[in-house]
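Comments concern the structure below.
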Amino acid sequence: MKRKVFLFLPLIVLLVICIFLIMGLKQDPKKIASALIGKPVPEFFQADLLDNNRIISNKHLPKQPYLLNVWGSWCYYCQQEHPLLMELAEQRIPIVGLNYRDKKQGALEMLAKKGNPFALVIDDSRGELAMKLGVDGAPETYVIDENGVIRYRYSGAVDKTILQKEILPEFNKLRN
């Protein structure tokens, strides 16, 4: 009897590995939470995209709930979600832009052409702050509370459905 168990042991191990792999394939990578949920925005000192003579740090971030949007002019999906960010800005929802691994000229041209929805635009051309945040690509959107603590992260382009079902409920929890 013991001999038969050892004979099937590799098959059992292989089946267990397959089950874990299948479970992993069913997860939505956009819903993977950041390790920084519940932690403050990492300390940073970055140039202001709109004024290179100005250095932005955590002390310049809004003292109310806000969205932090990671974007780049090179990013197709960032351009797709940009009109939605403009609508949010018109609704007076503060958005801080983190211009991720972008050329300054391209970023400025995009904002001039499509409008600037950001209350503040951080120049992160080297991806330093993005690395501290654990950004895995653009676009990403974070919901941050009035104390600068990250409460929610969404990886991927925000559309109206995602905005209504995920981002705004998390944001509104902080405003109430």
Side-chain angles (χ1 to χ4, degrees), residues 27-42 44 46-51 56 58 60-62 64-146 148-176:
Q27 290 184 348
D28 184 355
K30 293 177 181 176
K31 292 187 176 182
I32 296 173
S34 169
L36 294 180
I37 300 294
K39 296 181 179 173
V41 172
F44 68 95
Q46 305 273 139
D48 183 333
L49 182 73
L50 305 177
D51 179 4
I56 301 173
N58 299 65
H60 297 97
L61 295 174
Q64 61 183 330
Y66 64 96
L67 302 179
L68 174 69
N69 180 258
V70 179
W71 67 284
S73 64
W74 50 266
C75 166
Y76 172 78
Y77 294 108
C78 299
Q79 295 186 24
Q80 296 298 307
E81 74 174 9
H82 197 83
L84 197 54
L85 297 178
M86 291 298 293
E87 287 179 26
L88 292 174
E90 288 171 9
Q91 297 170 23
R92 300 190 179 270
I93 293 178
I95 307 170
V96 172
L98 180 65
N99 185 238
Y100 174 60
R101 295 193 176 270
D102 202 357
K103 292 181 180 173
K104 183 177 180 174
Q105 189 62 33
L108 293 173
E109 286 176 8
M110 180 173 157
L111 295 178
K113 183 178 176 183
K114 297 186 173 221
N116 182 359
F118 306 116
L120 195 63
V121 189
I122 302 167
D123 180 0
D124 195 27
S125 56
R126 293 181 173 179
E128 294 166 353
L129 179 55
M131 184 179 293
K132 290 178 183 177
L133 285 167
V135 169
D136 56 15
E140 281 191 14
T141 303
Y142 294 81
V143 178
I144 300 175
D145 73 13
E146 70 277 4
V149 175
I150 299 169
R151 296 298 177 189
Y152 180 78
R153 169 187 171 243
Y154 183 81
S155 178
V158 174
D159 60 18
K160 288 194 179 209
T161 302
I162 291 165
L163 183 68
Q164 294 300 324
K165 289 186 174 179
E166 297 190 37
I167 306 286
L168 286 180
E170 293 294 330
F171 182 76
N172 289 332
K173 279 184 206 172
L174 301 175
R175 290 204 315 189
N176 297 328

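Contacts classified as salt bridge (charged side-chain N to carboxylate O under 4.0 Å, His left out) and involving residues 108-131 (residues at least two apart or in different chains) are given here: R126-E128. Evaluation of the side-chain hydrogen bond (donor to acceptor under 3.5 Å, both in side chains) test over residues 86-101, restricted to residues two or more places apart or in two chains, returns N99-D102. Listed by first and then second residue, the ring pair (Phe, Tyr, Trp, His ring centres under 6.0 Å) pairs that reach into residues 157-176 come to none, sequence neighbours excluded.
Taking the salt bridge (Lys or Arg N to Asp or Glu O under 4.0 Å) definition, one finds that R175 meets it with nothing, sequence neighbours left out. Partners of E81 under the salt bridge (Lys or Arg N to Asp or Glu O under 4.0 Å) rule, at least two apart in sequence or in another chain, do not exist in this structure. In this structure, the side-chain contact (heavy atoms from CB on, under 4.5 Å) partners of D48, at least two apart in sequence or on a different chain, are L50, D51, R54, I56. Evaluation of the salt bridge (Lys or Arg N to Asp or Glu O under 4.0 Å) rule for K104 yields no partner, not counting sequence neighbours. Under the side chain to side chain donor-acceptor pair (under 3.5 Å) criterion, N116 pairs with no residue at all, not counting sequence neighbours. Among residues two or more places apart in sequence or in another chain, the side-chain contact (heavy atoms from CB on, under 4.5 Å) test is passed with M131 by none. Residues satisfying the ring-ring contact (aromatic ring centres under 6.0 Å, His included) test with F118, not counting sequence neighbours, are W71. Taking K173 as the reference, E170 meet the side chain to side chain donor-acceptor pair (under 3.5 Å) condition, with sequence neighbours excluded.
Taking OH of Y152 as the start and CG of L174 as the end, the distance is 12.5 Å to the nearest 0.5 Å. Between atom NZ of residue K160 and atom CG of residue L163 there is a gap of 8.5 Å, rounded to the nearest 0.5 Å. For the atom pair CD1 of I144 and CG of L67, the computed distance is 8.5 Å after rounding to the nearest 0.5 Å. Summarising the geometry, atom CZ belonging to R153 is positioned 11.0 Å from atom CD1 belonging to I167; distances are rounded to the nearest 0.5 Å. Here CG of L68 is found 7.5 Å from CD1 of I150. Values are rounded to the nearest 0.5 Å. S73 contributes atom OG, which lies 9.5 Å from atom CD of Q105 (distance to the nearest 0.5 angstrom).
Within the 3.5 Å criterion, the main-chain N or O of G115 finds a donor-acceptor partner in the side chain of H82.
With a 6.0 Å radius and a threshold of 12 heavy atoms from other residues, nucleotides or ligands, Y77 has its OH atom at or below the threshold. No more than 12 heavy atoms of other residues, nucleotides or ligands sit less than 6.0 Å from atom NZ of K103.
The nearest pair of heavy atoms linking P42 to L133 is CD-CD2, 3.6 Å. Nearest heavy atoms, Y142 versus G134: OH-C, 4.4 Å. Across G137 and E140, no two heavy atoms sit closer than the pair O-CG, 3.2 Å.
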Practice problem: Show the numbers, then the answer: is there a side-chain contact (heavy atoms from CB on, under 4.5 Å) between L49 and L111? | Solution: CA-CA 11 Å; L49 182 73; L111 295 178; 4.0 Å; yes
Practice problem: Please test Q64 against Y66 for side-chain hydrogen bond (donor to acceptor under 3.5 Å, both in side chains), starting from the C-alpha separation and ending with a verdict. | Solution: CA-CA 6 Å; Q64 61 183 330; Y66 64 96; over 6 Å; no
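Applying the side chain to side chain contact (heavy atoms under 4.5 Å, CB included) test between N69 and each of V96, I95, L88 identifies I95 as the sole match.
Between I122 and F44, some side-chain heavy-atom pair lies under the 4.5 Å cut-off. Side chains of C75 and P139 form a contact here, defined as non-hydrogen atoms less than 4.5 Å apart. Side chains of V143 and P65 form no contact here, defined as non-hydrogen atoms less than 4.5 Å apart.
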